Trainee: 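Please read through the structure below; I'll follow up with questions.
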2 protein chains.
Amino acid sequence: MNTRVRGQNLTYSIANHIGTAIVTGVYSKDNPIPIEADLSKEFGASRPVLREAVKMLTAKGLLSARPRRGTWVQPESHWNLLDPDVLGWLLQRKFSTALLIEFTELRLAVEPAAAMLAARTAGAAEKAALSAAIERMQAAERGDDDPLESDIAFHVAVLQASRNRFYAQLTGFTATALRFSIRMTNRYKGVRLASVAVHKKVSDAILAGKSAAAGEAMRRLIQEALRIMKKRHAESAARKGTPEA
Amino acid sequence: MNTRVRGQNLTYSIANHIGTAIVTGVYSKDNPIPIEADLSKEFGASRPVLREAVKMLTAKGLLSARPRRGTWVQPESHWNLLDPDVLGWLLQRKFSTALLIEFTELRLAVEPAAAMLAARTAGAAEKAALSAAIERMQAAERGDDDPLESDIAFHVAVLQASRNRFYAQLTGFTATALRFSIRMTNRYKGVRLASVAVHKKVSDAILAGKSAAAGEAMRRLIQEALRIMKKRHAESAARKGTPEA
DNA sequence: ACCGCAATATTATAATATAAATACGATTAT
DNA sequence: ATAATCGTATTTATATTATAATATTGCGGT
């Protein structure tokens, strides 16, 4: 149980285990999360270590505890979904197209706005990062760079260029979304090649300080990705709905 | 030091103290955060308790620790600003108009999009909540309800009606933003009263399923709030810039 | 000057004891 | 019979202490 793959120490390893178990719905009313003492036995760890792991998860809104009542899982609405760890656990083990769609709906709001801000406030360094990302995408188009990573670099550059700390916070989420969306829109290549031009349109507008154009271009870009996801989602739902068709 | 006002127990109380100290910039290169042993002395708490508090803060991206290297504050870019606690600490003790503006810029992206989604997907219960919030605002207009709380109820209702878990996550943030923005736009009772009509426009569009109209109405609403904030911000910046004028 | 090793500081883990909080049940009074 | 109160048991909260692991720093040798 204490493989310690990630985070390198027992506390983090246990927090990851329990965190994953919680978000994947292992615990329920019939199967509540065990008390501190039992958990520490289960993981073969001391109580202090286990308590630290539990405290980390309460800090992320997943757990709560009281004397005599024990430890319990918070309702899902209380989970801090925007915490990178929580989101990672959720997507890693319970990947669902529905979640990815919800996620992309948030990106559809955030990234065009970030592009608009970026067009107004981006400095030299941020513009350089943006240009570099576009060049990487063009290189990827020729097979000289990684399409996914260059794509991520572009979206991150836009968010950073907004010079807004809250948008900048979302870089991790966009990166996560893109990494997972590749599972869905697997053929990346055909779609991606065409979209380099669209990405460049965003970049050009930001570099030229054209706020509205930048926002609109970004909106189209993500809207198109969302459209494909929804189509796929509907198809797979139809397959499940009529298994013998 | 162990007043235990919030969270009721020592661990949370210490996490709050240290968390607040971190985000308000108490610790720096010259004044690094003390090591575990010294911190536990400082707060008069046992080491396990202090370690739990530190682990909660590492879970929120504020701290990191290694054997022999000690404990250190993570760079600001690493802080989980979207964590309600972190944001609360930041605004409570280091309230700045700049931060509120950045925050509202995010709302300007998110809430119109949520309104658009809501117009398409809101169910009966969500629509009822929305109508109730509008009625509360109208009551507040007559002095029969609290203007701030009814305003919050409205924005929360829209986010919830989007039926998107990530938008729903942001209800706490919008509530926080509104509570703090009243400090700034406090004397603008006139503006507030007039805006009930604008809020109702959003609500009507959502209830009628008019997505684009709902989004546009919400965008205008927040854009106006943002405009006022920026004006104030510029004014106070000017005052500071020319103290003897 | 550079490489390696040892000393040392600090967190990580463990074991254990005591205190506080609270849910539940029993008992008593109305 | 029902409600209220009190006691008991369970679980987390806090404290103490010891040992292990880890990584930095400096020293010493080459």
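In what follows, chains carry the letters A, B, and so on, assigned in the order in which the sequence lines appear, proteins first and then strands, with residues in each chain numbered from 1. The shown structure was predicted, so the numbers you read here are calculated from the model rather than taken from an experiment.
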Trainee: What's the angle between the local helix axes at either end of the helix from C:dA1-D:dT30 to C:dT30-D:dA1, using five pairs per end and rounding to 10 degrees?
Mentor: 10°

Trainee: From CG of A:L10 over to P of D:dA20, roughly how many Å is that when rounded to an integer?
Mentor: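 Roughly 16 Å, once rounded to whole Å.
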
Trainee: B:I14 CD1 to D:dA15 P: how many Å, rounded?
Mentor: 8 Å

Trainee: Please set out all donor-acceptor pairs under 3.5 angstrom arising from side-chain atoms of residues 107-115 of chain B, sequence neighbours excluded.
Mentor:
residue, atom, partner, partner atom, Å
B:R107, NE, B:E111, OE2, 2.6
B:R107, NH2, B:E111, OE2, 3.2
B:E111, OE1, B:H155, ND1, 2.7
B:E111, OE2, B:T174, OG1, 3.0

Trainee: Run the side-chain contact (heavy atoms from CB on, under 4.5 Å) test against A:R165 and tell me which residues pass, sequence neighbours left out.
Mentor: B:E76, B:L81, B:L99, B:E102

Trainee: OP1 or OP2 of C:dA14 versus the side-chain N and O atoms of A:S46: is any pair under 4.0 Å?
Mentor: yes

Trainee: Can you tell me if the side-chain N/O atoms of B:T11 get under 4.0 Å from OP1 or OP2 in D:dT14?
Mentor: yes

Trainee: How would you list, by chain and number, every residue that makes a side-chain contact (heavy atoms from CB on, under 4.5 Å) with A:S46, sequence neighbours excluded?
Mentor: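 A:S46 satisfies side-chain contact (heavy atoms from CB on, under 4.5 Å) with A:P48, A:V49 once adjacent residues are dropped.
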
Trainee: CZ of B:F43 versus C1' of D:dA15: gap in Å, rounded?
Mentor: 17 Å

Trainee: Not counting sequence neighbours, which residues clear ring pair (Phe, Tyr, Trp, His ring centres under 6.0 Å) with A:F180? List them please.
Mentor: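 For A:F180 the ring pair (Phe, Tyr, Trp, His ring centres under 6.0 Å) partners, ignoring immediate neighbours, are A:F95.
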
Trainee: In chain order, what residues pass the salt bridge (charged side-chain N to carboxylate O under 4.0 Å, His left out) check against A:R51, with sequence neighbours excluded?
Mentor: A:E36, B:E52

Trainee: Taking protein heavy atoms under 4.0 Å as touching, what does nucleotides 6-11 of chain C look like 5' to 3' if B marks base contact, S marks sugar-phosphate-only contact and - marks none?
Mentor: --BBBB

Trainee: Thinking salt bridges, do A:R136 and A:E141 make one under a 4.0 Å N-O criterion?
Mentor: no

Trainee: Which pairs count as ring pair (Phe, Tyr, Trp, His ring centres under 6.0 Å) when at least one residue sits in residues 123-147 of chain B, sequence neighbours excluded?
Mentor: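 Sorted pair list comes back empty.
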
Trainee: With B:F103, which residues qualify under ring pair (Phe, Tyr, Trp, His ring centres under 6.0 Å), at least two apart?
Mentor: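 For B:F103, the residues satisfying ring pair (Phe, Tyr, Trp, His ring centres under 6.0 Å) (neighbours in sequence not counted) are A:F166.
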
Trainee: Take the protein atom CG of A:L50 and the nucleotide atom P of D:dA13, then report the distance between them rounded to whole Å.
Mentor: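 These atoms are roughly 12 Å apart.
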
Trainee: Report the distance from atom NZ of A:K41 to atom P of D:dT11, rounded to the nearest whole Å.
Mentor: 11 Å

